[in-house]
Amino acid sequence: MSRSDRGGHPPAAIPPDILLFWTFGPYSGDLTVQESNEIMARATRELVGELVRNALELAQADGALPPIPPIELRIERPKEREHGDYSCNVALRLASAVRMPPMGVASAIAQRILRTEPIAEVDVAPPGFINLTLDPEWQRGQLLAVIEAGDEWGRTEVGAGQRVQVEFVSANPTGPLQVGNGRGAVLGDALASVLDAAGFEVEREYYINDAGAQIRLFGRTLFARYQQQFGREVPLPDGGYQGAYMIDLAARLKDETGERWLESSDDPPADLTERGLELMVEQIREDLAMLRVEFNHWQRESALFEAANGASTYDVAMNRLRDGSFVIEKEGAVWFRAEDLGEDKDNVLIRSSGEPTYFASDVAYHYDKFLRRGFDTVIDVWGADHQGHVARTRAAVSAVGGDGDALEVLLYQLVHLRRGEERVRMSKRTGEIVTLRELVEEVGADAARFFMLQRSADAQMDFDLEAAASADPRQNPASYVKYAHARCASVMRTASDAGLTASSDHLDLLAADQESVLIAEILRLPELVEDMALKREPHHLTYYAQSLAQAFTQFYDTCRIVVPEEPQRSAARLTLTLAAQAALAAALRMLGVDAPDEM
RNA sequence: GCCCCCGUAGCUCAGGGGAUAGAGCACCGGCCUCCGGAGCCGGGAGCGUAGGUUCGAAUCCUACCGGGGGUACCA
């Protein structure tokens, strides 16, 4: 059983999603292009919120509204285009407190919102919304910043100065990765990318459970298979690993080292286990590389037990628990007093056999993460079947001196495979196992990643191999998005052949509906990145990518880009094409999906 | 029993206090003298049930029904 089979739920302690707190003074003066680009990096939404905030304060200052305590402003994206680019419901929420009709509150605020960049229009709409429309010229000007950012477009600074560790997959090295591990891999990797884009300092980590009973069993199974390689009739140990991969592993050891362990009286020989583990980890690393998932750090569980300067991490952590009176001995075992911390029951740390449990290692591991390595936030990505471990692990973090709330556990639900109508069994028993490698070989890394990320972690997932692998790319949204990117590149090639180049001289010619929609879609990436990062929900990327690709395709379909007779309009549309390509590339990069120039 | 996740269109799923609930697939009907038709445009159909909170509920709360997971001196 692996940690990635674990589950859980996005933490309670997530920062507020899009609550905006204003720490800077009133906006004033004109913007140069460069300054406005910097503001873009902070997300347009924030600037809009600041203008609304100022208006709200002004309304109170001049008596149009009675004094009210500070309130959180929420700036939203209305669904309907007619409602502008942003909307704010603050008047509705304030109405009863100030004993005024919502529409009155709304106009009092709206009248005082500065019509300055980036805002062009402010409207009040029943029942009391303030709708804000961005200045189209300002928006078009932002395209240059997008092009300059390239596939780095969308980066923001909300996470600046915070170190986050994302620990994911962490499957036991006793067998190959399975499809469920793939979901954790893609989820963790994309989340890390999104956090990185949001300005966090991110580390991707894989925890190798290379200690404990399951490793001994792995070694004994491997030793039996190894002996069988020489024609000996040695039975597998009780509960041993049945998979054929153990036979392959044994054959490889035989090729590598011949009879070296054949007459060993150890069961298993320590270095046989060690070599077997190395090979398994190597295979896991390869499987993940096929999915384009790479880690900054591979942490071995066994290292927690190695003494450095006298005491191991494990010893230090256990001593901390003892010093804090968080342990109790009963029934011959050592327990973590979780009941005292509000849990249902205590948890065994050290078995009556004297052997530490997995939970004890985990306590030491999280002590290491927080107290030794000093991460501000640790996000563990676990499969839903480990949901029961969340509370006690948090409690343990607090008990060893960390902040339990800084440990977030992102739980993802199970994956069911099917081919069209046919359910594909994902048995943990012998034989029928569908490995991650098989999945990637069948559908490719791009489709595997895109499909895995199309669902929120909370939702169980049906993964349709037929659709993901379909020769008909219409079944495959990943291809649709990649195609849009390739088409951008293709248009640029065509333009180049016609002697046309992009230019920002006449961006005012970009006024068609499809052009406005595409511009808005491109420009909303930074705030999407913030939302995804703060809510730990990378799956929105797939929807954004599709919506952006669709906006580009509609633009392409309606507005002819390369028209030699109209060089100015062409130049403007080529600028838009380049910006769309950059935004597509940025989304695909965070998704970990290829952004090809041709397909 | 208790704990966690999920019930939204025929299917797979977004949306998770706000204005007329969306996408893809499937189905039906249109669109190629033109930059890649791997495309575009149009059409029908839906928030498990019952209460509650709220100016406003698919969204929050309670109960119930249904599906999945957990509840070890396993990991």
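Note on naming: letters A, B, ... go to the chains in the order of the sequence lines (proteins, then strands), and numbering restarts at 1 for each one.
Within 4.0 Å (heavy atoms only), A/Thr553 reaches sugar-phosphate atoms of the nucleic acid but no base atom. When heavy atoms are screened at a 4.0 angstrom cut-off, A/Cys488 is found touching no nucleic acid atom at all. Looking at heavy-atom distances under 4.0 Å, A/Gln460 makes contact with a base. Within 4.0 Å of A/Ser87, counting heavy atoms only, lies at least one base atom of the nucleic acid. Within 4.0 Å of A/Met461, counting heavy atoms only, lie sugar-phosphate atoms of the nucleic acid but no base atom. Within the nucleic acid shown, A/Gln550 comes within 4.0 Å of sugar-phosphate atoms alone, with no base atom in reach, counting heavy atoms only. In this structure, A/Arg93 reaches the bases: a heavy-atom distance under 4.0 Å links it to at least one base atom across the strands shown. Within 4.0 Å (heavy atoms only), A/Tyr483 reaches at least one base atom of the nucleic acid. Within 4.0 Å (heavy atoms only), A/Arg560 reaches at least one base atom of the nucleic acid. Counting non-hydrogen atoms under 4.0 angstrom, A/Leu349 reaches nothing in the nucleic acid. Looking at heavy-atom distances under 4.0 Å, A/Asn89 makes contact with a base. Residue contacts for A/Asp497: at a heavy-atom cut-off of 4.0 Å it reaches no nucleic acid atom on any strand shown. Across all strands, A/Ala459 comes closer than 4.0 Å only to sugar-phosphate atoms, never to a base (heavy-atom distances).
Rounded to whole Å, the separation between the P atoms of B/U8 and B/G68 comes to 15 Å. Taking the P atom of each, B/A63 and B/G69 are spaced 23 Å apart, rounded to whole Å. The C1' atoms of B/G67 and B/U12 are separated by 16 Å, rounded to the nearest whole Å.
Side-chain nitrogen and oxygen atoms of A/His539 include none within less than 4.0 Å of the OP1 or OP2 phosphate oxygen of B/C13. Phosphate contact (OP1/OP2 of B/C2, side-chain N/O of A/Lys345, threshold under 4.0 Å): absent.
Using a 5.5 Å limit on the distance between ring centres and a 30° limit on the angle between planes, the aromatic ring of A/Phe129 counts as stacked on the six-membered base ring of B/A19. We find that the ring of A/His83 and the base of B/A19 stack, their centres lying under 5.5 angstrom apart and their planes tilted less than 30°.
Using a 4.0 Å cut-off between charged nitrogen and carboxylate oxygen, A/Asp346 and A/Arg337 do not count as a salt-bridge pair.
As rounded to whole Å, 13 Å separates atom P of B/G15 from atom CD of A/Gln546. Atom C1' of nucleotide B/U12 and atom CZ of A/Arg423 are separated by 11 Å, given to the nearest angstrom. Regarding A/Leu518, its CG atom lies at a distance of 18 Å from the P atom of B/G39, rounded to whole Å.
Atom CG of A/Asp238 is surrounded by 12 or fewer heavy atoms from other residues, nucleotides or ligands within 6.0 Å.
Which of B/G69, B/G39, B/A58 sits closest to the side chain of A/Arg487 comes down to B/G39. Comparing B/G39, B/C73, B/G36 against the side chain of A/Ala486 picks out B/G36 as the nearest. Comparing B/C6, B/C35, B/A19 by their closest approach to the side chain of A/Asp458 singles out B/C6. Closest to the side chain of A/Val348, from the set B/C73, B/G39, B/G18, is B/C73.
Using a 3.5 Å distance cut-off with no hydrogens or angles, the side chains of A/Glu301 and A/Ser361 do pair a donor with an acceptor.
Side chain of A/Thr575 to main chain of A/Ser503: a donor-acceptor pair is present (N/O by atom type, distance under 3.5 Å, no hydrogens or angles).
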